[in-house]
Amino acid sequence: MNAEQMRAAQAPLKQAYRDDPARARIPARAEARLDTADIAAVVTRWHGETIAGLHKAAGGTGELACSADMLLEALVACAGVTLRAVATAMGIAIRDGRIIAEGVWDARGTLAIDRAAPVGLTEIDVRFELDTDADAAKLDRLLASTERYCVIFQTLRTPPKVSMTVATHAGG
């Protein structure tokens with residue numbers, strides 16, 4: 001897709017969202033079912049299933065997906081798509097590229113060893129390795145726009161209100 005094609009595809013959407021801001025509120029959803037034979041959850045994805053389980057640092061075998069890695073996968077996917085869209089709009093040719101996200105979490109918090117230890121990722125770094133002839137000023141603008149418009153990056157940077165509830169079903 002080139003810049004003209006992208007603008008043509010987005011123009012009616014942008015106008016519809018300007019005319020009716022409520023239409024711009026797009027729901028997102030994920031679902032998993034518990035694996036009752038293991039300490040795992042089966043995540044239904046658009047193209048199949050992924051089984052998430054305990055990380056090796058928390059007593060798992062390392063054979064199942066790690067939820068922290070899955071979060072980073074969502075981040076690199078979003079950052080990559082956003083970067084490509086912004087580069088296309090800016091007319092920046094990118095011949096090839098990789099997006100790497102790395103994070104750190106403290107197993108002491110997750111395993112309830114130390115109440116002062118945080119639970120969750122506390123450091124995340126996203127790095128783009130691009131094959132492009134764009135100059136430093138264009139790359140700075142590209143990165144700033146990618147940060148600004150990447151949904152997952154902005155969600156992590158400014159966390160939304162999050163809640164958990166439980167519903168029970170009688171056996172049968």
Side-chain angles (χ1 to χ4, degrees), residues 1-32 41 43-53 55-57 62-107 109-110 118-162:
M1 177 179 287
N2 65 33
E4 275 185 44
Q5 293 168 322
M6 185 175 70
R7 284 187 191 100
Q10 291 179 344
L13 296 170
K14 288 180 176 185
Q15 189 58 52
Y17 302 151
R18 283 184 193 101
D19 294 343
D20 183 4
R23 287 184 61 191
R25 294 186 49 82
I26 311 301
R29 185 173 193 280
E31 185 173 325
V43 180
T44 305
R45 297 169 30 161
W46 68 272
H47 69 285
E49 296 179 331
T50 296
I51 303 172
H55 189 279
K56 284 181 87 168
E63 294 176 5
L64 301 179
C66 168
S67 300
D69 291 338
M70 293 170 72
L71 176 72
L72 296 178
E73 290 168 354
L75 177 56
V76 296
C78 187
V81 170
T82 303
L83 179 120
R84 287 294 297 130
V86 172
T88 299
M90 291 177 63
I92 297 174
I94 298 176
R95 290 178 291 275
D96 196 11
R98 292 188 332 146
I99 307 98
I100 299 101
E102 296 175 313
V104 175
W105 59 278
D106 189 331
T110 300
V119 176
L121 292 163
T122 56
E123 301 170 34
I124 298 174
D125 179 58
V126 180
R127 182 176 70 254
F128 295 91
E129 296 176 352
L130 304 177
D131 181 2
T132 182
D133 293 327
D135 63 31
K138 277 191 176 182
L139 290 176
D140 287 346
R141 283 192 11 240
L142 176 63
L143 183 59
S145 293
T146 299
E147 285 182 6
R148 177 174 169 83
Y149 299 114
C150 177
V151 171
I152 304 302
F153 184 85
Q154 287 300 325
T155 300
L156 293 170
R157 176 176 271 170
T158 309
K161 176 185 170 197
V162 180

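Position 1 is the first residue of the sequence, and the numbers go up from there.
Across all non-hydrogen atoms, the minimal contact from A85 to M6 is O-CE, 3.2 Å. Across all their heavy atoms, A79 and C150 have their closest contact at N-SG, 3.5 Å. Contact between T50 and A65 at its shortest, heavy atoms only, is CG2-CB, 3.6 Å. Scanning all heavy atoms of the two residues, the minimum distance from K138 to A134 falls at CB-CB, 4.2 Å. The two residues T88 and M1 make their nearest non-hydrogen contact at CG2-O, 3.8 Å.
More than 12 heavy atoms of other residues, nucleotides or ligands shown are found within 6.0 angstrom of CD on E49.
Looking at R23, its side chain never comes within 3.5 Å of a backbone N or O of L13 through a donor-acceptor pair. Side chain of E147 to main chain of A144: no donor-acceptor pair is present (N/O by atom type, distance under 3.5 Å, no hydrogens or angles).
Put simply, the side chain of T132 does not reach to within 4.5 Å of the side chain of L142, judged on heavy atoms. Side-chain contact between D133 and R95 is present, with heavy atoms from C-beta onward closer than 4.5 Å. Contact of the F128 side chain with the T146 side chain is registered, since non-hydrogen atoms from C-beta on lie closer than 4.5 Å. Side-chain contact between E102 and R127 is present, with at least one heavy-atom pair separated by less than 4.5 Å.
Taken to the nearest 0.5 Å, the CG atom of L83 stands 4.5 Å off from the CD1 atom of I94. Atom OG1 of T82 and atom CZ of R148 lie 12.5 Å apart (nearest 0.5 Å).
Here the rule is side-chain contact (heavy atoms from CB on, under 4.5 Å) with L75, and of V151, I99, I152 only I152 fits it.
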Query raised in the report: Could you walk me through whether L72 and L121 pass the side chain to side chain contact (heavy atoms under 4.5 Å, CB included) check?
Result: CA-CA 10 Å; L72 296 178; L121 292 163; 4.3 Å; yes
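Residues passing the side-chain hydrogen bond (donor to acceptor under 3.5 Å, both in side chains) test with E123, sequence neighbours excluded: none.
The ring pair (Phe, Tyr, Trp, His ring centres under 6.0 Å) contacts involving residues 66-107 comprise H55-W105, where partners must be two or more places apart or lie in separate chains.
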